[in-house]
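Reviewing the structure listed below.
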Protein chains: 2
Amino acid sequence: MDRSPGTTSSPRDRNSKRQSVTLQDIAAHAGVSRSTVSLVLRESPLVAEATRTQVQTSIKALGYVYNRGAAALRASRTFTLGVVVYDIANPFFGAMVAGIDSVLHRENYVSFLANSEDSPERQQRFLERMREHRVDALLLCPAEGTDPTLLTQLADWNMPCVQVLRHIGAPPFDYAGTDFELGVRQAVDHLVALGHRRIVFLGGEAEHSATRARHQGYHDAMHAQGLGDVLGIVRGPVTRRAGFESIQALMQETPRPTAVICHNDLMALGAMLGLQRLGLIPGEDCAIIGTDDIEEAALSLPPLTSVATHPFSIGEEAARLAMRRIANPGGAREQVILTPRLQVRHSCDPIPAPGEAPYRRYPHATLDA
Amino acid sequence: MDRSPGTTSSPRDRNSKRQSVTLQDIAAHAGVSRSTVSLVLRESPLVAEATRTQVQTSIKALGYVYNRGAAALRASRTFTLGVVVYDIANPFFGAMVAGIDSVLHRENYVSFLANSEDSPERQQRFLERMREHRVDALLLCPAEGTDPTLLTQLADWNMPCVQVLRHIGAPPFDYAGTDFELGVRQAVDHLVALGHRRIVFLGGEAEHSATRARHQGYHDAMHAQGLGDVLGIVRGPVTRRAGFESIQALMQETPRPTAVICHNDLMALGAMLGLQRLGLIPGEDCAIIGTDDIEEAALSLPPLTSVATHPFSIGEEAARLAMRRIANPGGAREQVILTPRLQVRHSCDPIPAPGEAPYRRYPHATLDA
DNA sequence: CCTCTTTTTTGGATCGATCCAAATCTATTA
DNA sequence: TAATAGATTTGGATCGATCCAAAAAAGAGG
């Protein structure tokens, strides 16, 4: 009030002398105290309306930039989240991360993303780094082979953790994922309704919740359909290449399976390719169903029938759960389980009429589902 | 020295009273000063060997966790990097991010990853968030349509920026990418050597450096080969679906192109699918070359010939450049341009002998290149 | 006009590290 | 042995915000 700093301290002056505009500078400019400015920034209802607008004007005028680091030090809240996935190159995770971001954005959060590549050691190093950076919470898709005591460790660290897609350790824990068991059941039921009996599951080799649930679902559904005698599970990596290779081995068997359900879409796409390599037609010589319903699934030949697991929604739910946990660290743990939906396309169409050339059928298929 | 705090201040005691172990605690435990501990942590050569080991013992004993936020406040260095990409679901970026991480890891950095989805507005919001978090530098793959003044803005913000893959604004600026022009030339030359003349380029519609360079390369290479009269560039989105659709339109034309070079691999894979949908055989009815050489390229039918752009290396180089810039903000701007390499597979094999059934040829192709 | 609430504002302490000039401790040399 | 140089160590100030108890201002009631 005694001076009009808008003119006395020119930007040039500040540039040369001091690095950045601080609360103090704004306070001086607006003729109030540091604390009041802080309250305005945090949108406290305590400040009078007139003061608020005055301060906001000064903030704009001086081009102030909030220093979250400084705030974090005092308030011990960083507005920062750690996200650990195991295969960032899988489009599923692209979509999931987008879902996470969409929620974090609203909450003014920002995320550290790390790719464990399914290595517990890599994962551990990332977690330690994130600990130093004092993330408010963690979204963790645990790497294959992660020791269940990791959860205890994180609890000791005081780092809230929401597991995503896979889970380790004993309940209760926070978790967001899909009902994989139900997903596989949907796939099996669909195939059986189409007349298939020899249905093989191309699954993962790792022992974690997500493979277990799928295998359990397969097992139960097959039994429920009275097909307990033709169970077949192949275990291996869950990559495109693995799908490509294992289906070719599978097709050498007699009797051949007539349908294959895959752990994820990448495998399923690889499997379709493997069939083609053998001169077989996916969907006719052997039905294929994938899991995830990534974008590419609609863009294969034939378009892939897939159990949609809604990665974007999973990301959103996981992030929301993390926000809830941050707001209420002691609250009851939650498990958010989304319901998958079978997206039917053309990779398990019924056998074509005898006269019809199989290959020619694809052009009639619609790709837009 | 006067007391043995390892026993006097038990962990339980600290848990209840104070939140976390600080430098002060370690100093007391080791019988030295705060400052000395700080020097040890930063691996300063100033501290005597005996002191160093003593302090390190105390650090372990007390389970100290470095608080980077606090350090950042004082030292105004956050050990944090912003990374903005425009399509996280593209496996190319998965590999690139992995390359970035591998460098950051060594340097004890951690990265905020943001996905602009090619929206300048989204990008801008992320940048503002990262500014509040005071990232030490930015790795930016500018979203399509980004205003060139963004560079000025970032300079005003005092935020070092390394552009990646695409660049906007006027030199000098820091940049890491590939010689796309050369890449396309390699593709054209390869096709011409195989006897192709009607070579079409399936390119992007956006006006940025990466599309311009590719188009320029195509233009120059075609002219150099004396094919200036059969130029053909199709512009559109650079997605799998776009490749799928535009090649089908292209195949209606007369005379038909005999070869297509694509902006990226996703397009090329889509294009191969499009050919199949028309009942045409990729590589025989029409040759296809992609760009990037993502993992999936080796796993298509036929395996895709592609201009390898080495995403992992680009990520590494970009991150290294950022580290150099952080260490020396005023230094001369650098442009790191990697050399692409044509990875020949089977999507542009020469026309098969008359008697040979085209489709049967694929099983003989090796997928391992 | 004065007292009593209620609303709004404030300054000093604090978060946990680094910076830096000065103090201390060790050798070395005259 | 004292002076000097070099190697270590140190404490106070600082980074830029929040917390919180207390002060000041505004409004209500008699």
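Chain identifiers are assigned alphabetically (A, B, ...) following the order of the sequence lines, protein sequences preceding nucleic acid strands; residue numbering begins at 1 within each chain.
- A side-chain donor from one of B:Ser33 and B:Thr36 sits under 3.5 Å from a side-chain acceptor of the other.
- Of the two residues contacting DNA chain D, namely A:Val37 and B:Ala75, the nearest-nucleotide position lying further toward the 5' end is that of B:Ala75.
- Put simply, CG on A:Leu62 is 15 Å from C1' on D:dG16, counting in whole angstrom units.
- For B:Asp136 and B:Arg325, the salt-bridge test fails: no basic side-chain N is under 4.0 Å from an acidic carboxylate O.
- In this entry the distance linking CG of B:Leu23 with P of C:dG16 reads 10 Å, nearest Å.
- The main-chain N or O of A:Ile168 is found under 3.5 Å from a side-chain atom of A:Gln163 such that the two form a donor-acceptor pair.
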With B for base contact, S for sugar-phosphate-only contact and - for none (protein heavy atoms under 4.0 Å), nucleotides 9-14 of chain C reads BBBBBB
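- In this structure, the ring of A:Phe93 has its center less than 6.0 angstrom from the ring center of A:Tyr86.
- Comment: A:Glu317 engages A:Arg320 in a salt bridge, judged by a side-chain N to carboxylate O separation of less than 4.0 angstrom.
- In terms of the side chain to side chain contact (heavy atoms under 4.5 Å, CB included) criterion, residue partners of A:Thr53 (sequence neighbours excluded) are, by chain and number, A:Glu49.
- B:Asp118 places a side-chain N or O within donor-acceptor distance of the main-chain N or O of B:Glu144, the cut-off being under 3.5 Å.
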Protein-nucleotides 24-26 of chain C N/O pairs under 3.5 Å:
none

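- A:His105 and B:Arg122 share no side-chain donor-acceptor pair at under 3.5 Å.
- Following rounding to the nearest Å, B:Leu73 (CG) and C:dC19 (C1') show an atom-to-atom distance of 13 Å.
- In this structure, the side chains of B:Ser20 and A:Arg134 come closer than 4.5 Å at one or more pairs of heavy atoms.
- Distance, B:Arg77 CZ to D:dG16 P: 18 Å, rounded to whole Å.
- Of the side-chain N and O atoms in B:Arg42, one or more sit less than 4.0 angstrom from OP1 or OP2 of C:dC19.
- Atom pair A:Arg68:CZ and D:dC15:C1' shows a separation of 18 Å (rounding to whole Å applied).
- One can place CD1 of B:Ile26 at 14 Å from P of D:dT10, the figure rounded to the nearest angstrom.
- For B:Ser20 and C:dG16, the shortest distance from a side-chain N or O to OP1 or OP2 is below 4.0 Å.
- A:Glu49 has its CD atom 16 Å from the P atom of C:dT7, to the nearest Å.
- Atom pair A:Leu41:CG and D:dA17:P shows a separation of 8 Å (rounding to whole Å applied).
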